[in-house]
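Since the structure comes first, as structure tokens, the remarks are kept for the end.
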Amino acid sequence: MRTFETDVQQLKYKVLKAVATHVLEDNMNNCYYDIPHEIIQGKKATMRCCVYKERAIVEERVHNILEDSDQIIQVIDIACDECPVDRYSVSNSCRGCLAHRCMNVCPRGAISKDDNGRAKIDPEKCIHCGRCAKVCPYGAITENIRPCERSCKIGAIKMNDQQKAEIDHEKCINCGACVSQCPFGAVVDHSYLVDAMRLVQAADRRGYYAVAVIAPAIASQFPKATVGQVKTALRNFGFHDVVEAALGADMVTKKESQELAEKGFLTSSCCPAFVRYIRQHVPEMAEHISHNLSPMAEVCRYVKENSAWPVKTVFIGPCTAKKYEQTLPTVSPWVDCVITFEELQAMLDAAGLPPEEQEEMPVDDASYYGRIFARSGGLAEAVAQSVKEQELDVVPKPAVCSGIEACKVALLKAKMGRLTENFIEGMACEGGCINGAGAISHMPKDRMTVDKFSKESKKDSIGMSINSYQTKF
């Protein structure tokens, strides 16, 4: 029995696994009806007001998996109805004091006294300025910020006229923070699980190799299984080979360190949410983004260009923003599909291939430095090593930015000419990729698990990793 950090994650797993099972059984005709009834059984509701609403939400989740969409992060409207509507509210802590500072500072007269002399707020007049909350001596006026809004550090998600969460896709960087933080699972990332499964199923018939590319954060995701066992499970599922994306990280490190030496200042290209943030919100800094592909795209390009056979690649990682990155013209020729670790677990379990029950295969594509890209500070450490190995004429002074707020600060300083560092390692997720929205586990120990796996590499240097890799097709 799988265990999950939250019930929302468990529901997501159940729906993904059910869809994957229907794909494997070639029984897609009645998914929209069958799956809600398979998951929500009986007549007693356990999550919502009634089983009918629970099934309706599951049906919307099935739609998210089976139907095409231009947007990676989406809101299931019917599931978004439990959060407080009023931004500011008065709690029972209000004593009905004589001073009534809250009334005096309100610029719109939105606060009055009830029959007991306690403050009350007219939501129609309130402009959410927060002055009343600041002056209340009892702290009786509270600000109710929806978890999705609180999690979004760029203001891309707000409440619309229907009191539902609404995403401004021009601002959204697809980091998935809102997906992780919504306690009712109303915000979801679009799934490409079915696309990945069908790509593998059609490989032999259509004469191409299906290659899975696994992100280095995989080491922290299956506590009862090794990366070698995950590789076996993927091979048994039908992939012809499994390659570490960390090899691409080694390749990118070598190129980015050279680019840093040439330009003198650089921002990393590895995190697609960070790159999109720069392009959308700090366009003045876009010229400093590394011209190199991300490790995902770099290793997929390498595999395709060095194969004697046509290849289709599926990237598997913790990142929802990678799904957006795959659609970019510079990336789509190399990466055919992206799924998350959550989707991987559901897919393998549906196929009866839990990683912990598989035999172990060797995994040794990348160096220690490529593998530590999974956590904050890894890229900076790798660049410093690559500069040393190549004897480049530059001294890396990295600004390691864990989370989009830290990225904001570093970029603002750089824009104003006040950043003392010459290389910005930007990670939209705090802690790095190990805390991505599509990860199964988000535990403090995950960083140590990744470092332990990284130290198991037999490649002593970045150069050795790149030079010793032989195509396997």
Would you mind telling me which of Arg198, Arg301, Lys304 makes a salt bridge (charged side-chain N to carboxylate O under 4.0 Å, His left out) with Asp336? Lys304
Check the side chains of Glu38 and His22 for a donor-acceptor pair under 3.5 angstrom, ignoring hydrogens and angles. yes
Look at atom CZ of Arg48 and say whether more than 12 heavy atoms of other residues, nucleotides or ligands are closer to it than 6.0 Å. yes
Would you say Ile76 and Asn64 make side-chain contact, with heavy atoms under 4.5 Å? no
Answer yes if the side chains of Glu343 and Thr340 hold a donor-acceptor pair under 3.5 Å, and no otherwise. yes
Side chains of Thr320 and Asn174, donor plus acceptor under 3.5 Å: no
Less than 4.5 Å apart, side chain to side chain, heavy atoms only: is that true for His442 and Glu5? yes
Quick check for you: to the nearest 0.5 Å, what is the distance between Glu359 atom CD and Thr232 atom OG1? 7.0 Å
Is the closest side-chain donor-acceptor distance between Glu360 and Thr226 under 3.5 Å? yes
Give a yes or no on whether a salt bridge exists between Lys43 and Glu54, defined as a side-chain N under 4.0 angstrom from a carboxylate O. no
Parallel, tilted or perpendicular: which one describes the rings of Phe4 and Tyr13, with boundaries at 30° and 60°? tilted
Just by distance, with hydrogens left out, do Ser91 and Thr142 show a side-chain donor and acceptor under 3.5 Å apart? no
What I'd like to find out is whether the side chain of Arg61 reaches to under 4.5 Å of the side chain of Lys12, using heavy atoms alone. yes
Quick one, Val311 and Ser307 - any side-chain contact, counting heavy atoms below 4.5 Å? yes
Report, as yes or no, whether the 6.0 Å neighbourhood of atom CG on Asn116 holds more than 12 heavy atoms from other residues, nucleotides or ligands. yes
Looking only at side chains, do Gln74 and Ser69 share a donor and an acceptor under 3.5 Å apart? yes
Would you say the side chain of Cys80 lies within less than 4.5 Å of the side chain of Arg146, judging by non-hydrogen atoms? yes
Classify the ring geometry between His190 and Tyr192 as parallel (under 30°), tilted (30 to 60°) or perpendicular (over 60°). perpendicular
Within-4.5 Å side-chain heavy-atom neighbours: Cys182 and Pro147: no
How far apart are the closest heavy atoms of Leu247 and Ala366, and which atoms are they? N-CB, 3.5 Å
What distance do Ile173 atom CD1 and Cys407 atom SG have between them, rounded to the nearest 0.5 Å? 8.0 Å
Any chance the side chains of Arg95 and Tyr138 put a donor and an acceptor closer than 3.5 Å? no
Under 4.5 Å between any side-chain heavy atoms of Arg375 and Asp451, yes or no? yes
Closest non-hydrogen atom pair, His240 against Ala203: CE1-CB, 3.7 Å
Is there side-chain contact between Val331 and Met296, with at least one heavy-atom pair below 4.5 Å? yes
Can a salt bridge be assigned to the pair Lys408 and Glu405 using a cut-off of 4.0 Å between side-chain N and carboxylate O? no
Just checking, is any N or O donor in the side chain of Asn144 or Ser89 under 3.5 Å from an acceptor N or O on the other one? yes
